[in-house]
Amino acid sequence: MQNVKIFSGSSNRPLAEELCRQLNVPLGDIEISRLQSGEISLRYTESIRSSHVYIVQSLSHPVNEHLVELMIMIDAAKRASAKTINIVMPYYGYARQERKAAPREPISAKLVADVLTTVGADRIITVDLHADPIQGFFDIPVDHITALDLITDYLKAKNIKNPVVVSPDAGRATTAEKLANYMDCPFAIIIKNRPAHNKTKITHIIGEVEGMTPIIIEDLIDTGGTIVNVVEALHKRGANDAYICATHGLFSENALEKLSHPNIKEVIITDTIAIDPNHPDKFVVLPMAELLATALRIINNGGSINTLFKTMQM
């Protein structure tokens, strides 16, 4: 990792610190503050000329603050003559707005990609995008990392009896199938419609779930409403208490309270988004730093990211 400097935005400094520890690289010095008007002011307090700069920033709540902060960090690095500017964005905000679901709607995921590229980013390293085609929104390299191996290894170690992997919608079916194959168990799919953002109505469950332990796999958990609806629908079909798995835990509004549901056994997430250390006991947070550190070594030295993942080869 020669000539590499890693800096953290405000969104997830603990992950950046652990990433640097894994790489045996000091976390770079940067001053970030807010003016009285609310404007973001920042300055790199060490030279980054001709360095490969990595900026760690998830686009989590408050997403717009973190996006603008990231843009300013990129601009400052470019003006300080960084050799390359690489964005380690564990959670890509606006990813759920990747298509026009109705007339006169924007495709905000594409807009964010255009903005980051225009500002000066040379590469994006991200984890479990909401939709794989978002990689094509960028005109720069995108390294798409998955946390599926972390999650599957954790689940397999628990020796869950009569597991069934459940996809909460058709969009997660491919991921659910990979997880089911890895765990050598059946999987089911929830069919639902979405009358509005963060609102769902379950219409069908395809697959046998009675007497089985559901493992619900998602890319993210926002308000928790959809997850609770799925858990209750499975329980009515005779399923046991469920394990909830997701890469990104946004936990908006009263999501933590909702996920304390009696029919949820565990909620398994990663630390792509910073979470309050005083989270409920049923929450399990899997660390991403080691996986990200290995990916950064491969990127810096040359190699294939796909070799990191067992589930990629299935």
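Since the model is a prediction, treat every value here as computed from it, not as a measurement.
- Placement of Leu250 and Ile221 in two distinct hydrophobic clusters is found when ILVMFWY residues are connected by side-chain heavy-atom separations under 4.5 Å, directly or transitively.
- Going from atom NZ of Lys258 over to atom OG1 of Thr226 covers 8.5 Å, rounded to the nearest 0.5 Å.
- In this structure, the separation between CG on Leu155 and SG on Cys245 is 4.5 Å, given to the nearest 0.5 Å.
- Between the CD1 atom of Ile227 and the CG atom of Leu259 there is a distance of 7.5 Å, given to the nearest 0.5 Å.
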Determine all donor-acceptor pairs shorter than 3.5 Å in which one atom belongs to a side chain in residues 75-85; sequence neighbours excluded.
unit_1	atom_1	unit_2	atom_2	d
Asp75	OD1	Arg79	NE	3.2
Asp75	OD1	Arg79	NH2	3.4
Asp75	OD2	Arg79	NE	2.7
Lys78	NZ	Val119	O	2.9
Ser81	OG	Arg49	NH1	3.4
Thr84	OG1	His52	ND1	2.8
Thr84	OG1	Asn86	ND2	3.1

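- At least one donor-acceptor pair closer than 3.5 Å links the side chain of Asp128 to the backbone N or O of Ala147.
- In plain terms, the two heavy atoms of Ala242 and Ile216 that are nearest each other are CB-CD1, 4.2 Å.
- Residues in residues 280-300 take part in these ring pair (Phe, Tyr, Trp, His ring centres under 6.0 Å) pairs, two or more places apart or across chains: Phe251-Phe283.
- A donor-acceptor distance shorter than 3.5 angstrom exists from the side chain of Thr126 to the backbone of Met89, with no hydrogens or angles considered.
- One N or O on the side chain of Lys282 and one on the backbone of His261 form a donor-acceptor pair closer than 3.5 Å.
- The main-chain N or O of Leu129 is never found under 3.5 Å from a side-chain atom of Asp219 such that the two would form a donor-acceptor pair.
- With a 6.0 Å radius and a threshold of 12 heavy atoms from other residues, nucleotides or ligands, Glu232 has its CD atom above the threshold.
- In this structure, CD on Gln135 lies 12.0 Å from CD1 on Ile140, to the nearest 0.5 angstrom.
- When all heavy atoms are compared, the tightest approach of Pro168 to Ile190 is O-CB, 3.5 Å.
- In terms of modelled atom types and a separation under 3.5 Å, the side chain of Gln57 and the main chain of His66 share a donor-acceptor contact.
- Between Leu27 and Ser8, the closest side-chain pair of non-hydrogen atoms falls below 4.5 Å.
- In terms of modelled atom types and a separation under 3.5 Å, the side chain of Thr45 and the main chain of Asp29 share a donor-acceptor contact.
- Under the 4.5 Å side-chain criterion, counting only non-hydrogen atoms from C-beta, Pro186 is in contact with Met212.
- A donor-acceptor distance shorter than 3.5 angstrom exists from the side chain of Thr146 to the backbone of Leu148, with no hydrogens or angles considered.
- In terms of hydrophobic clustering, with Ile, Leu, Val, Met, Phe, Trp and Tyr side chains grouped at heavy-atom distances under 4.5 Å, Phe187 and Tyr243 are assigned to a common cluster.
- Taking each heavy atom of Gly249 and Ile273 in turn, the nearest pair found is O-CG2, 3.7 Å.
- Distance alone, capped at 3.5 Å, is enough to place a donor-acceptor pair between the Tyr44 side chain and the Met73 backbone.
- Within the 3.5 Å criterion, the main-chain N or O of Leu67 finds no donor-acceptor partner in the side chain of Asn64.
- Not a single donor-acceptor pair under 3.5 Å links the side chain of Thr272 to the backbone N or O of Pro90.
- Residues Val165 and Cys185 come closest through the heavy atom pair CG2-SG, 3.7 Å.
- The structure places CD1 of Ile151 at 11.5 Å from CE of Met183, a figure rounded to the nearest 0.5 Å.
- Within a 6.0 Å sphere centred on CZ of Arg34, heavy atoms belonging to other residues, nucleotides or ligands number more than 12.
- Residues Leu70 and Ile6 do not share a hydrophobic cluster, clusters being chains of Ile/Leu/Val/Met/Phe/Trp/Tyr side chains in contact below 4.5 Å.
- Proximity of Val231 to Ile244: side-chain heavy atoms (C-beta onward) are separated by under 4.5 Å at one or more points.
- Taking hydrophobic clusters as Ile, Leu, Val, Met, Phe, Trp and Tyr residues chained together by side-chain heavy-atom distances below 4.5 Å, Leu220 does not share a cluster with Leu15.
- In this structure, the side chains of Asn300 and Gln2 stay at 4.5 Å or more apart for every pair of heavy atoms.
- The two residues Glu98 and Phe137 have their closest heavy-atom pair at O-CZ, 3.5 Å.
- Annotation: the span from Leu308 atom CG to Ile298 atom CD1 amounts to 4.0 Å, rounded to 0.5 Å.
- When every heavy atom of Leu42 is checked against every heavy atom of Glu69, the shortest pair comes out as CD2-O, 4.0 Å.
- Linking Ile, Leu, Val, Met, Phe, Trp and Tyr residues whenever their side-chain heavy atoms come within less than 4.5 Å places Ile55 and Phe138 in a single cluster.
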